[in-house]
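Notes for the one structure printed next.
Just follow the structure's listing: the first ligand is 1, and inside any ligand the first atom is 1. Everything quoted here is computed from the prediction, not taken from an experiment.
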Amino acid sequence: MAQKPLLSLPEFQNVSTGTLVVKEPLNFWGGARVKPKDTKNSEPVYEPATGRVLCDMIPCGEEEVDAAIKSAHSAYLKWSKLSGMERARIMLEAARIIRERRDEIARAEVANNGKSITEAQVDIDVSWQTIEYYAGIAPTLSGQHIQLPGGSFAYTRREPLGVCVGIGAWNYPFQIACWKSAPAMACGNAIVFKPSPMTPVTAVILAEIYKEAGVPDGLFNVVQGGAETGGLLCHHPMVAKVSFTGSVPTGKKVMEMAAKGVKQVTLELGGKSPLIIFKDCELENAIKGALMANFLTQGEVCCNGTRVFVQREIMPQFLEAVVKRTKAIAVGDPLCEGTRMGALISKPHMEKVLGFIKQAKEQGAKVLCGGEQFVPSDPKLKDGYFVSPCVLDNCRDDMTCVKEEIFGPVMSVLPFDTEEEVLQRANNTTFGLASGVFTRDIARAHRVAENLQAGTCYINNYNVGPVEVPFGGYKMSGFGRENGQVTIEYYSQLKTVVVEMGDVEDYF
Ligand SMILES: NC(=O)c1ccc[n+]([C@@H]2O[C@H](COP(=O)([O-])OP(=O)(O)OC[C@H]3O[C@@H](n4cnc5c(N)ncnc54)[C@H](O)[C@@H]3O)[C@@H](O)[C@H]2O)c1
Ligand SMILES: C[N+](C)(C)CCCC=O
């Protein structure tokens, strides 16, 4: 008997670099893929490793956004009436299907995003774990009972918000869709998700998996598009909440639009996070940590520790080892198992990153390695957007490469002398997404963690992100949280019910 393909679309079978062409519609609502009405504003989507066109992204207009939101609302009416156990059962089935299809989803993600296959597999694992985790929480959602005088009482109910919109960035396309949909669905909400126009491919796979697992038609919807479609979603009167992942400037616009309808917002924005390495650290771990903090997903990670402060006494050893390890990073075909760094998301983004490096040199930084466009020897990769990972020395706090988010494989190294000084410099930024410290001194580690103004502080590691752990920003890196139990509060509201057991007071 012929084996059923794991993913429903034949184009996703046996994807290798340079082969995927997506022709099927990438929108999904009412439980089915939907062809866009008007194709005139379509944009090509590129495969980062080859520069080849992968598919067209056709943005949804007003009518289509409205249809997706209405379909979400009707599914919400059914889904929100299920018990937590019933919701959990379906979500666990979705997690199981993702786990089973992990490698195929990861390959499609690589074709669209350019990251290495080993990283994409981890992203897909994190995705099903997220759904599993929130499935586990769904049956535990409960209220409080409050005793009042005379036998009266009050109780609270944790209720869903309604239709939630998720707007995603391009660096973790499938994972972001799961980070938003899993807690939302656990709480009884419906979701309309808009991926980044640069990575439209894998969200619709998630939609099909949710459907196969048994979620009601319309509960998880995908609308494709850019700023205009995003604006339509944020303004729609039937939307209760917007959860946004992206840059600070766009986050501000989303907040403004949501404010007009007094909608709740979660903002997961950018960063320029400090990583502080004290001379008493375990140096080998600190070096590995600095690489983890800078070079995952070609450096296109919001929480990357791109300002690496190294205590002056150990700077020579640190630089020698970090440069040696950086030069050894295998850059190339992201679908090869041995590759550790793939291609940047787009040609303009690659040029922007190279521009930051050029400016850093003009401002006095010294390139110790990398920082150039890289052309792999494989001819099919000659038009890919590869940049060799870069370590910058002689950096100062006032340089652009130290102040602005580059979102590419560029580590800026800065010397420091004292704890007090480095804390002041580390906090001297408008961002506050993450931070890290390497030291063997346990008291210092916790003191530094307390004093760093950031939503996460990693002690003796970096960029570890299990779903059980809340993630989100301080300052202009945003607010609200994803992951962890606390995220339930961002996808639900509390109703108080007050019950009188006696007579109403005769006051008037
Ligand atoms: N904190 C986090 O969890 C996190 C995670 C990933 C990425 N990021 C940040 O995302 C940025 C990179 O992603 P990007 O380039 O896709 O960001 P972006 O702000 O350009 O776009 C993000 C999303 O917003 C949409 N959008 C653009 N204009 C809009 C508008 N006017 N109204 C509504 N939606 C609009 C885009 O189409 C896209 O889906 C970096 O700054 C990075 O740090 C943050
Ligand atoms: C690297 N983490 C921890 C998986 C976070 C990714 C989310 C930000 O871009």
Note, L233 side chain near V242 side chain (heavy atom, < 4.5 Å):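 Contact flag for L233/V242 side chains = no.
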State, to 0.1 Å, how close [X] and [Y] come at their nearest heavy-atom pair, and which atoms those are.
| X | Y | result |
| --- | --- | --- |
| N451 | L423 | CB-CD1, 3.9 Å |
| I131 | C178 | CD1-SG, 4.0 Å |
| Y491 | C164 | CD2-SG, 3.9 Å |

N/O of [X] under 3.5 Å from N/O of ligand 1, yes or no?
| X | value |
| --- | --- |
| S247 | yes |
| K253 | no |
| T250 | yes |

Could you check [atom] against the protein and tell me its nearest heavy-atom contact, residue, atom and distance included?
| atom | result |
| --- | --- |
| atom 34 (N) of ligand 1 | G230 CA, 3.7 Å |
| atom 13 (O) of ligand 1 | A169 CB, 3.5 Å |
| atom 25 (C) of ligand 1 | I167 CG2, 3.7 Å |
| atom 37 (O) of ligand 1 | K194 NZ, 2.8 Å |
| atom 9 (O) of ligand 2 | C302 SG, 2.6 Å |
| atom 24 (O) of ligand 1 | F244 CE1, 3.1 Å |
| atom 4 (C) of ligand 2 | Q175 NE2, 4.1 Å |
| atom 16 (O) of ligand 1 | W170 CD1, 3.1 Å |

If you measure from each non-hydrogen atom of [X] to ligand 1, which part falls under 4.0 Å: side chain, backbone, both or neither?
| X | result |
| --- | --- |
| C303 | neither |
| E405 | side chain |
| L233 | neither |
| Y172 | neither |
| L269 | backbone |
| T245 | both |
| E300 | neither |

If only side-chain N and O atoms count, and only distance matters, is there a donor-acceptor pair under 3.5 Å linking [Y] with [X]?
| X | Y | answer |
| --- | --- | --- |
| T229 | Q224 | no |
| N463 | N304 | yes |
| K475 | Q453 | yes |
| T339 | D333 | no |
| T297 | E300 | no |
| Y210 | S181 | yes |

Nearest-option assignment for atom 23 (C) of ligand 1, heavy atoms, candidates P197, G168, S196: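 Looking at heavy atoms only, the winner is G168.
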Heavy-atom nearest neighbour of atom 9 (C) of ligand 1 within options S477, G246, P200: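 Looking at heavy atoms only, the winner is G246.
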Close-contact set for ligand 1 against [X] heavy atoms, below 4.0 Å:
| X | answer |
| --- | --- |
| G231 | 32 (N), 33 (C) |
| G270 | 41 (O), 43 (O) |
| G226 | 37 (O) |
| P195 | 39 (O) |

Euclidean distance, K23 NZ relative to D56 CG, rounded to 0.5 Å: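 The distance works out to 7.0 Å.
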Spacing of CD belonging to Q175 relative to CD belonging to E482, to within rounding of 0.5 Å: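 Spacing of CD (Q175) from CD (E482) equals 9.5 Å.
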Under 3.5 Å donor-acceptor, E404 side chain and C401 backbone: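 It does not hold such a pair.
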Under 3.5 Å: donor-acceptor pair, side chain of N294, backbone of G305: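 Checking the backbone N and O of G305 against the side chain of N294, a donor-acceptor pair under 3.5 Å is found.
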Side chain, backbone, both or neither: V126 near ligand 2, heavy atoms under 4.0 Å: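 The answer is neither.
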Residue portion contacting ligand 2 (non-hydrogen atoms closer than 4.0 Å) for C303: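 C303 to ligand 2: side-chain contact only, backbone stays beyond 4.0 Å.
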Step-by-step side-chain contact (heavy atoms from CB on, under 4.5 Å) determination, V410 to F356: CA-CA 9 Å; V410 185; F356 270 115; 5.9 Å; no
Nitrogen or oxygen atoms of N171 and ligand 2 under 3.5 Å apart: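 Right, the criterion is met.
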Pi-cation contact, F220 with K180 (under 6.0 Å, within 45°):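 No.
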Ligand-residue contact atoms, ligand 2 with V301, heavy atoms, under 4.0 Å: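 Heavy-atom distances to V301 below 4.0 Å select 1 (C), 9 (O).
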For Y172, the ligand 2 atoms whose distance to one of its heavy atoms is below 4.0 Å: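 Within the 4.0 Å cut-off of Y172, ligand 2 contributes 1 (C), 6 (C), 9 (O).
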Verdict with reasoning, D103 to R107, per salt bridge (Lys or Arg N to Asp or Glu O under 4.0 Å): CA-CA 6 Å; D103 289 342; R107 293 182 87 79; over 6 Å; no
